[in-house]
Amino acid sequence: MNHHSADEVARRLASIRRRIDAVERPWTHQVEITAVTKAFDPSVIDAAVEAGCTVIGENYAQDLLSKRPTIERLGPHRRPRIDFIGHLQSNKVRQLAGLVDRWCTIDRSSLAKEIAKRAPGAEVLIQVNATGEENKGGCRPDDVVELRERCTDLGLTVAGLLTIGPTGLPAEDAAPGFCIVRSIVDDLGLAVCSMGMSADLDVAVACGSTNVRIGSSLFGARPVPVHQEGDGRG
Ligand SMILES: *Cc1c(COP(=O)(O)O)cnc(C)c1O
C-alpha cells in the first residue's frame with residue numbers, strides 16, 4: 001500500500017491523536033492537527049482530506065499555487081482550511097490571497113500591511129521567535145503586543161501566535177520557548193497557540209499548544225522541494 005493512501009494517512013492521524021491524548025496537561029481544549037503537505041505532490045491533499053484532515057499547512061508560495069486546482073476540485077464542502085506556515089515574502093501575498101485562509105507567519109508590520117491590502121480582514125497568527133536563533137523567522141517576544149496592535153489597526157483578525165522549536169536540539173529543549181509563547185497567548189487572551197511538529201508535538205501539547213503542525217509523521221519523509229524559498233524555519 002502506498003504511503004499516501006487515505007487509509008495509511010488515517011492510521012497515522014489516529015496514532016498522532018493518541019500521542020496527543022497521552023500527554024498530561026491541565027488544559028481541556030482540543031488540539032487541532034494541521035496536516036503539513038509542503039513539498040509533496042498535490043495528490044497528498046486528496047489523501048489527507050479523505051483521511052479526515054480538515055486543515056492543510058503549506059510553506060512555499062509556488063508549491064501551494066501548484067496545488068490550487070487540487071484544492072478547488074474538492075469543492076466547498078470538502079475544502080480544508082489552508083494555513084500558510086512558511087516564511088512569506090510580501091510580493092507573494094497577492095497571488096496567495098483567496099487561497100490562504102489563515103496567514104500564520106506574520107512577523108513584521110510590512111507583511112501585515114500587504115496582507116491587509118490583498119486580503120482585507122484576514123485571519124492571522126503572529127510568529128514569535130522564542131529561541132533567539134538568528135536564522136529563524138518570527139518577531140521577538142517583546143514585540144508581540146505592538147505587532148498585534150498594528151494588525152488590529154489594519155483590520156486583520158489576530159487569532160493567536162505560532163512558534164517553532166529550536167533547530168537541532170532534543171525535543172525537551174523546546175519547552176522553555178513554548179512556555180514563553182503560551183504565556184503571551186494567555187496574557188493577550190488569544191485563542192490559538194500553534195506549536196509542535198512531528199518531533200516535539202508531545203512537549204508542545206504539554207506546554208499548552210492548541211494546534212500542532214504535522215508533516216513527516218503523517219506522510220513520511222519529504223522530497224526536496226523544487227520551489228524551495230527557505231525551509232520554513234527561516
Ligand atoms: C515543515 C513544517 C512543519 C512540519 O514538520 P514535520 O517535522 O514534518 O512534522 C511544521 N511547521 C512548520 C512551520 C514547518 O515548516
Side-chain angles (χ1 to χ4, degrees), residues 9 11-40 44 48 53-60 83-88 102 104-107 125-141 144 159-186 190-225 228 230-234:
V9 175
R11 251 193 304 281
R12 288 168 174 237
L13 185 62
S15 133
I16 289 160
R17 291 225 167 91
R18 281 195 297 276
R19 253 173 92 183
I20 292 170
D21 290 343
V23 176
E24 280 198 46
R25 57 189 182 121
W27 295 277
T28 54
H29 60 246
Q30 282 279 323
V31 177
E32 182 180 63
I33 299 169
T34 295
V36 179
T37 50
K38 68 176 176 205
F40 287 111
V44 170
C53 297
T54 55
V55 186
I56 296 291
E58 284 282 341
N59 284 58
Y60 313 109
D83 284 10
F84 196 86
I85 60 170
H87 175 74
L88 183 54
R102 184 186 273 178
C104 303
T105 53
I106 309 307
D107 60 0
L125 302 183
I126 292 173
Q127 183 179 354
V128 185
N129 180 339
T131 61
E133 291 160 288
E134 276 185 15
N135 61 348
K136 187 162 285 175
C139 70
R140 293 182 313 143
V144 173
L161 307 182
L162 175 147
T163 197
I164 300 174
T167 305
L169 294 178
E172 308 83 73
D173 291 18
F178 288 164
C179 290
I180 289 171
V181 173
R182 177 71 223 188
S183 71
I184 303 172
V185 163
D186 288 337
L190 298 169
V192 177
C193 186
S194 178
M195 44 194 205
M197 310 182 9
S198 294
D200 57 14
L201 81 90
D202 319 77
V203 179
V205 170
C207 293
S209 173
T210 66
N211 170 251
V212 294
R213 308 175 308 269
I214 308 297
S216 45
S217 288
L218 269 180
F219 307 117
R222 267 184 295 279
V224 175
Q228 189 143 5
D231 69 358
R233 291 174 164 268

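Source: prediction; values computed, not measured. Each residue takes its place number in the sequence, starting with 1.
Residues Val9 and Ala48 share a closest heavy-atom pair of CG1-CA, 4.2 Å. Of all the heavy atoms in Pro166 and Glu133, the pair that sits closest is CA-OE1, 3.4 Å. Summarising the geometry of Ala130 relative to Val181, their closest heavy-atom pair is CB-CG2, 3.9 Å, with the distance given to 0.1 Å. The shortest non-hydrogen separation linking Thr34 to Gly57 is CG2-N, 3.4 Å. The heavy-atom pair separating Arg213 from Thr163 by the smallest distance is NH2-O, 3.3 Å. Scanning both residues, Met197 and Ile214, for their nearest heavy atoms gives C-CD1, 3.7 Å.
Between the side chains of Lys136 and Thr167, at least one donor N or O lies within less than 3.5 Å of an accepting N or O. A donor-acceptor contact closer than 3.5 angstrom links the side chains of Thr37 and Glu58. Looking at Asn211 and Ser209, their side chains never bring a donor and an acceptor atom within 3.5 Å of each other.
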Criterion side-chain contact (heavy atoms from CB on, under 4.5 Å) on Gln127 and Ile164, from CA distance to verdict = CA-CA 8 Å; Gln127 183 179 354; Ile164 300 174; 3.7 Å; yes
Verdict with reasoning, Ile126 to Leu190, per side-chain contact (heavy atoms from CB on, under 4.5 Å) | CA-CA 11 Å; Ile126 292 173; Leu190 298 169; over 6 Å; no
Test side-chain contact (heavy atoms from CB on, under 4.5 Å) applied to Leu125 and Ile85, step by step = CA-CA 9 Å; Leu125 302 183; Ile85 60 170; over 6 Å; no
Stepwise, does the side-chain contact (heavy atoms from CB on, under 4.5 Å) test hold for Cys139 with Val144?
-> CA-CA 7 Å; Cys139 70; Val144 173; 3.8 Å; yes
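Rounding to the nearest 0.5 Å gives a distance of 11.0 Å between SG of Cys207 and CG of Asp202. With rounding to the nearest 0.5 angstrom, the CG atom of Leu161 is 9.5 Å from the CZ atom of Arg182. The CD atom of Glu32 sits 7.0 Å away from the CG atom of Asp83 when rounded to the nearest 0.5 Å. Considering CG of Asn129 and OG1 of Thr131, their distance stands at 4.5 Å, rounded to 0.5 Å. Interatomic distance, CZ of Phe178 versus CD of Glu172, reported as 11.5 Å (0.5 Å rounding). Separation of atoms CZ (Arg18) and CG (Leu13) is listed at 10.0 Å; rounding is to 0.5 Å.
With hydrogens and angles ignored, the 3.5 Å screen pairs a side-chain donor or acceptor of Asp107 with a backbone N or O of Gly138. Side-chain atoms of Thr105 never come within 3.5 Å of backbone atoms of His87 as a donor-acceptor pair (strictly under, hydrogens ignored). Judged by distance alone, with hydrogens and angles left aside, the side-chain atoms of Arg222 form no donor-acceptor pair with the main-chain N or O of Ala39 at under 3.5 Å.
Contact annotation: the side chain of Asp21 never approaches that of Val23 to less than 4.5 Å [non-hydrogen atoms, C-beta and beyond].
Results of the side chain to side chain contact (heavy atoms under 4.5 Å, CB included) test with Arg19 over Val205, Val31, Leu201 single out Leu201 as the only residue that passes.
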